[in-house]
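Everything below concerns the one structure shown next.
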Protein chains: 2
Amino acid sequence: MLTDRQLFILQIIIDDFIRSAQPVGSRNLSKKEDVLYSPATIRNEMADLEEMGFLEKTHTSSGRVPSEKGYRYYVDHLLSPGSLARSEQTAIHSIFADRQNGIEKAVQNVATILSELTSYTSIVLGPKFNDHKVKNLQIIPIDRESAVAIIVTDTGHVENRLFSLPEGIEAADIEKMVNILNDRLTGVPLSDLHRKIYHETAELMKRHIQNYEAVLKMFAEAAGGSELGKLFIGGKTNIFNQPEFRDIEKVRLVMDMMEKENEIYELVRPTKAGIRVKIGTENAEQAMEDCSLITASYSVGDEPVGTIAILGPKRMEYSRVITLVDFLSHDMTNVLTRLYNTGS
Amino acid sequence: MLTDRQLFILQIIIDDFIRSAQPVGSRNLSKKEDVLYSPATIRNEMADLEEMGFLEKTHTSSGRVPSEKGYRYYVDHLLSPGSLARSEQTAIHSIFADRQNGIEKAVQNVATILSELTSYTSIVLGPKFNDHKVKNLQIIPIDRESAVAIIVTDTGHVENRLFSLPEGIEAADIEKMVNILNDRLTGVPLSDLHRKIYHETAELMKRHIQNYEAVLKMFAEAAGGSELGKLFIGGKTNIFNQPEFRDIEKVRLVMDMMEKENEIYELVRPTKAGIRVKIGTENAEQAMEDCSLITASYSVGDEPVGTIAILGPKRMEYSRVITLVDFLSHDMTNVLTRLYNTGS
DNA sequence: TGTTAGCACTCTTTATATACGAGTGCTAAA
DNA sequence: TTTAGCACTCGTATATAAAGAGTGCTAACA
């Protein structure tokens with residue numbers, strides 16, 4: 001349906017617009033050294049491309065601007081693969097080189113480096129710990145009324161939660177309880193913990209400990225707390241650099257959204273799909289209608305556990321960002337898979 | 001030096017400007033029902049106030065705008081005390097009513113409510129845990145190479161850290177070590193922990209456990225992690241509402257600063273002083289030159305442990321905000337003091 | 001002596017007209 | 001099929017004028 005020349009011109013127009021943020025006209029295009037057609041020819045092709053919906057005009061006699069459909073086609077069919085500079089590769093590898101600081105710090109660094117490398121806003125959803133298995137449970141009494149429940153996983157992650165002790169419980173009871181829980185629950189994945197707590201230990205504890213229910217409830221809650229990983233956002237203010245966000249109301253919309261964690265979670269829910277590109281109104285959120293979002297999930301083994309994403313203007317350097325996000329997500333998958341699968 | 005009438009006029013001008021964000025002229029002022037002077041009289045007084053540096057003009061024939069010196073005088077001498085609506089008081093009290101969720105959640109709520117109540121940006125520095133005392137220490141081995149160190153305080157706060165185990169350490173050794181540490185360190189404040197670990201336990205452990213040093217080091221590090229409380233910022237985008245921040249570059253400066261935690265820490269370092277008001281360039285930070293910051297620290301007993309603050313335009317509702325921040329900081333001091341002093 | 005009316009002046013804002021330039025669509029010629 | 005040419009459109013920039021809000025100063029008034 002599209003001739004080679006139309007493809008070529010569409011690609012050049014979008015490339016140019018991504019660089020300059022200015023509507024591109026036939027005259028300027030034809031002056032480029034690798035463009036051999038006259039302005040008139042280009043105008044004809046442009047008119048066709050516009051009719052097909054790939055280009056738009058900002059007003060009757062302006063140059064052309066890519067439409068969302070145009071970007072979509074560009075991303076699906078016209079992207080040149082692109083490769084990473086060696087310096088970028090080493091930057092990425094180095095994030096996980098020093099594992100001493102723990103996963104969270106590393107994930108935090110991913111967000112920072114992503115935003116610095118791209119000049120866009122980065123979103124990183126840290127790995128969820130559902131699959132991690134209970135290594136050890138503790139209940140530390142604080143005073144007569146309260147205690148802290150602690151869950152340590154086989155990956156070194158620690159969940160903790162303060163809770164009120166039932167009236168008149170004895171230190172010996174607590175110890176008994178901890179023993180039962182450790183005995184029955186060690187090795188259970190966090191995602192199963194809630195169920196197992198009630199099914200496997202309730203009967204037993206009922207016999208030994210009065211008022212066991214309140215305690216079980218708190219434990220179950222502590223376990224359920226981390227179904228989703230932690231969210232990190234890097235370069236929140238990078239959007240100020242984009243000329244199409246000179247309008248303060250647009251910036252505000254995006255900024256507002258970035259403060260709402262649950263909306264962000266929706267955007268970056270981990271999936272098995274590879275790179276996902278959402279352009280403008282392809283994003284459900286109203287606030288994203290002038291933005292594009294590129295996401296890729298990373299996995300432990302086959303199970304997607306987290307996501308990295310880049311949020312930028314529709315006029316985004318798709319090629320570069322996709323390459324980068326692809327590389328990084330695979331790198332994270334490798335590192336995490338090695339880390340967690342040898343551990344268990 | 002200032003006549004009563006000058007004080008009165010200065011106050012009305014600033015009040016008016018805070019409300020309207022518009023330079024205020026003599027004519028409009030004189031039309032107010034509680035102003036009995038003619039425009040000409042007011043102009044004369046205005047000229048005097050300007051000469052003394054309390055007012056400024058944006059251009060030769062504009063109305064007057066308060067200078068920083070004007071705001072300063074207003075805050076120091078002209079503030080009407082103001083009181084909180086009952087609904088606001090209950091909103092504040094209710095934050096700590098439900099202690100179940102732990103301090104951190106409560107502090108988070110403080111930030112949210114502060115920004116909602118004021119329409120400015122709120123900054124809340126959570127309580128530091130230096131004074132809290134060790135209740136219990138644990139070392140949970142994860143695999144042959146690593147373990148998690150856990151410190152529980154008498155306030156229910158939990159610190160944890162993953163560390164590498166020295167080669168060839170035995171499970172029995174670890175247990176012995178935990179016993180020694182608990183024996184010696186229970187009741188020690190976190191701020192002393194680092195020192196005590198080396199002074200009081202090193203000798204003893206040396207005798208019992210080979211390669212104890214690496215382990216001690218990790219424990220000491222875990223303890224040192226929380227010298228400062230956690231930072232919460234509410235209503236980051238509220239600044240977009242301020243007409244003097246229509247300029248995107250100004251917004252950017254402020255937004256950029258809000259992303260830099262260490263700069264924020266400098267602004268809200270807890271002190272014993274009461275309410276502090278910093279107007280415009282009284283703040284050292286370049287980015288704050290068009291903002292005012294109102295801070296108040298809250299304490300446990302006599303020891304300031306955290307800070308709440310409101311960041312807004314220089315044209316801020318000082319009276320309201322000061323009343324609110326004062327009330328809230330005292331409330332927090334009361335609640336926390338009761339909570340932590342009865343606990344120990 | 002303090003207050004006020006009057007007036008000329010300043011400066012911003014808004015509206016209007018004009019010129020300029022980048023770009024288009026269409027027609028006709030190559 | 002391609003391209004040169006040309007009239008036309010529309011946004012941007014510039015100049016000019018008019019309106020309006022506010023000031024400072026002078027002189028009159030109580």
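Chain letters run A, B, ... following the sequence lines, proteins first, then strands; residues in each count from 1.
- What separates CZ of Arg43(B) from P of dA5(C) is a distance of 10 Å, to the nearest Å.
- For Asp4(B), the CG atom sits in a loose shell: 12 or fewer heavy atoms of surrounding residues, nucleotides or ligands are nearer than 6.0 Å.
- Distance, Asp48(A) CG to dT1(D) C1': 13 Å, rounded to whole Å.
- Atom CD1 in Ile42(B) sits about 15 Å away from atom C1' in dA21(D), given to the nearest Å.
- Donor-acceptor pairing under 3.5 Å is recorded for the side chains of Glu68(B) and Thr281(B).
- An OP1 or OP2 oxygen of dG23(C) is reached within less than 4.0 angstrom by no side-chain nitrogen or oxygen of Lys31(A).
- Here dT23(D) presents its P atom at 9 Å from NE2 of His59(B), a figure rounded to the nearest Å.
- When the P atom of dT23(D) is taken as reference, atom CG of Leu55(B) falls 10 Å away, rounded to whole Å.
- Between the CE atom of Met46(B) and the C1' atom of dC25(D) there is a distance of 17 Å, given to the nearest Å.
- Contact check, Ser38(A) against dT2(D): no side-chain N or O comes under 4.0 Å of OP1 or OP2.
- Side-chain N/O atoms of Arg5(A) include one lying less than 4.0 angstrom from OP1 or OP2 on dT2(D).
- Lys278(B) NZ: 12 or fewer foreign heavy atoms inside a 6.0 Å radius.
- In this structure, Gln6(A) contributes its side chain and Glu45(A) its backbone to no donor-acceptor pair below 3.5 Å.
- Donor-acceptor pairing under 3.5 Å is lacking for the side chains of Tyr37(B) and Ser26(B).
- When the side-chain nitrogen and oxygen atoms of Arg64(B) are compared with OP1 and OP2 of dG24(D), one or more of them lie within a distance under 4.0 Å.
- Atom CZ of Phe17(A) is separated from atom P of dG23(C) by 14 Å (rounded to the nearest Å).
- Nucleic acid contact for Asn44(A): base, since at least one base atom lies under 4.0 Å from a heavy atom of the residue.
- Using a 4.0 Å cut-off, no side-chain N or O of Lys57(A) falls inside it from OP1 or OP2 of dA22(C).
- Note on Ser26(B): a side-chain N or O is less than 4.0 Å away from OP1 or OP2 of dT23(D).
- For the pair Asn28(A) and dG23(C), the criterion of a side-chain N or O lying under 4.0 Å from OP1 or OP2 is met.
- Distance CD (Glu45(B)) to P (dT1(C)): 16 Å, rounded to an integer number of Å.
- One finds a side-chain N or O of Thr41(A) lying less than 4.0 angstrom from the OP1 or OP2 phosphate oxygen of dT3(D).
- For Ser61(B) and dG24(D), the shortest distance from a side-chain N or O to OP1 or OP2 is not below 4.0 Å.
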